[in-house]
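Just below is one structure, and these are the notes that go with it.
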Amino acid sequence: MLDQLWRELTDSRTLQQPRTFVRVFVDIADLEATTSWYERVLGLRRDMVMPYPEKNLTLTAVGGFLLIGGSAEALQPFRATVGTLLVPDIEPYLTRLRAEGAELVQQPFRAPVGNGVTVRHPDGSIIEYVHHRPA
């Protein structure tokens, strides 16, 4: 199941507000067990699986948690980012973030499921903003 893209909500344009994800970094060998643990504790089931072979990662979401599986080496570049916001469209956010002094940590990028941008807020937090579109 973890090698195939699957999302309950394939297009985030209909979101009324951002969906906030706390990032949890886990060795890829432990991703399925960790996902099952979050499902049991939250009483929810995963609603997203995203293989990201370009980065040697696999992501899965349970409630407000984004579980990111990979090797220590593959995870390292992503550890400084403390959260992910799934938004209807990154462009309005990008405009406001720039106007409010956020620093681009990573230029807008194309991900397997849509577009994203990683920014440093004035308080120092590094946050990824993404929108999803049908594959």
Side-chain angles (χ1 to χ4, degrees):
M1 176 172 184
L2 294 177
D3 60 349
Q4 183 176 352
L5 174 64
W6 172 79
R7 299 170 288 167
E8 280 187 7
L9 177 66
T10 60
D11 193 331
S12 63
R13 281 181 270 226
T14 61
L15 289 177
Q16 298 299 306
Q17 61 186 24
R19 180 176 177 188
T20 304
F21 289 111
V22 174
R23 286 176 161 217
V24 176
F25 299 96
V26 61
D27 187 278
I28 191 65
D30 300 325
L31 183 58
E32 187 61 29
T34 302
T35 300
S36 294
W37 186 88
Y38 278 92
E39 288 176 324
R40 289 190 310 273
V41 167
L42 298 176
L44 299 171
R45 62 182 176 81
R46 78 185 89 198
D47 64 349
M48 187 170 17
V49 174
M50 294 182 293
Y52 200 169
E54 300 86 353
K55 302 291 183 182
N56 294 316
L57 301 172
T58 299
L59 295 80
T60 186
V62 180
F65 291 92
L66 181 63
L67 310 173
I68 304 172
S71 67
E73 181 179 76
L75 293 169
Q76 187 54 42
F78 301 93
R79 288 189 179 277
T81 303
V82 297
T84 297
L85 286 178
L86 178 60
V87 298
D89 185 350
I90 66 163
E91 289 305 321
Y93 284 88
L94 187 54
T95 299
R96 289 193 302 266
L97 288 160
R98 285 179 169 148
E100 292 295 330
E103 171 193 349
L104 292 182
V105 172
Q106 181 179 15
Q107 293 295 320
F109 58 87
R110 178 84 183 130
V113 295
N115 293 335
V117 64
T118 304
V119 302
R120 179 177 287 108
H121 292 180
D123 62 16
S125 315
I126 299 176
I127 307 292
E128 176 188 55
Y129 291 77
V130 296
H131 70 229
H132 288 183
R133 298 295 182 259

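The first residue in the sequence is number 1, and the count goes up from there.
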Next on the checklist: Less than 4.5 Å apart, side chain to side chain, heavy atoms only: is that true for R13 and R133?
Outcome noted: yes

Item to check | N/O donor-acceptor pair under 3.5 Å between T10 side chain and P134 backbone | outcome: no

Checklist entry - Could you state the interatomic distance from CG (L57) to CZ (F25), rounded to the nearest 0.5 Å? => result 9.0 Å

Next on the checklist: Between H131 (side chain only) and I90 (backbone N and O only), is there a donor and an acceptor less than 3.5 Å apart?
Outcome noted: yes

Next on the checklist: For the backbone of T84 and the side chain of R19, can you confirm whether one donor and one acceptor N or O come within less than 3.5 Å of each other?
Outcome noted: no

Item to check | Audit row: L104, R98, side chain to side chain contact (heavy atoms under 4.5 Å, CB included) steps and yes/no | outcome: CA-CA 8 Å; L104 292 182; R98 285 179 169 148; 3.5 Å; yes

Next on the checklist: So, using ring-ring contact (aromatic ring centres under 6.0 Å, His included) as the criterion, who are the partners of Y93 when residues are at least two apart?
Outcome noted: Y129

Item to check | Hydrophobic cluster identity match, F21 and I127, side-chain contacts under 4.5 Å | outcome: no

Checklist outcome for this item: Between A102 and V119, the two heavy atoms sitting closest are CB-CB, 4.3 Å

Item to check | Nearest atoms (heavy-atom pairs only) where P51 meets P112 | outcome: O-CG, 4.2 Å

Checklist entry - For the side chain of E39 and the backbone of R46, is there at least one donor-acceptor N/O pair under 3.5 Å apart? => result yes

Checklist entry - Are I68 and V113 co-members of a hydrophobic cluster defined by side-chain heavy atoms under 4.5 Å apart? => result yes

Item to check | Side chain to side chain, L9 and T14, heavy atoms closer than 4.5 Å | outcome: yes

Checklist entry - Are L67 and V82 co-members of a hydrophobic cluster defined by side-chain heavy atoms under 4.5 Å apart? => result no

Checklist entry - In Å and rounded to the nearest 0.5 Å, what is the CZ to CD distance from F78 to Q106? => result 7.0 Å

Item to check | Verify same cluster id: L85, I126 (apolar side-chain graph, 4.5 Å) | outcome: no

Item to check | Heavy atoms of other groups near E54 CD, more than 12 under 6.0 Å | outcome: yes

Next on the checklist: What verdict does the side chain to side chain contact (heavy atoms under 4.5 Å, CB included) test give for F65 and L42, after you've listed the backbone C-alpha separation in whole Å, the side-chain angles of each residue and the deciding distance to 0.1 Å?
Outcome noted: CA-CA 10 Å; F65 291 92; L42 298 176; 3.8 Å; yes

Next on the checklist: Check this for me: does any side-chain nitrogen of one of R45 and E8 sit under 4.0 Å from a carboxylate oxygen of the other?
Outcome noted: yes

Item to check | Inter-residue atom distance H132.NE2 - N115.CG, 0.5 Å rounding | outcome: 10.5 Å

Checklist entry - Looking at CD1 of I28 and CG of L75, how far apart are the two atoms once the value is rounded to the nearest 0.5 Å? => result 8.5 Å

Checklist entry - Can you name the nearest heavy-atom pair linking P108 to L94, along with the distance? => result CG-CD2, 3.7 Å

Checklist entry - If only atom types and distance count, is the side chain of S71 paired as donor or acceptor with the main-chain N or O of A74 below 3.5 Å? => result yes

Item to check | Spacing of CZ belonging to R23 relative to CG belonging to L66, to within rounding of 0.5 Å | outcome: 6.5 Å

Checklist entry - Between V41 and V26, is there a shared hydrophobic cluster once you connect ILVMFWY residues whose side-chain heavy atoms come closer than 4.5 Å? => result yes

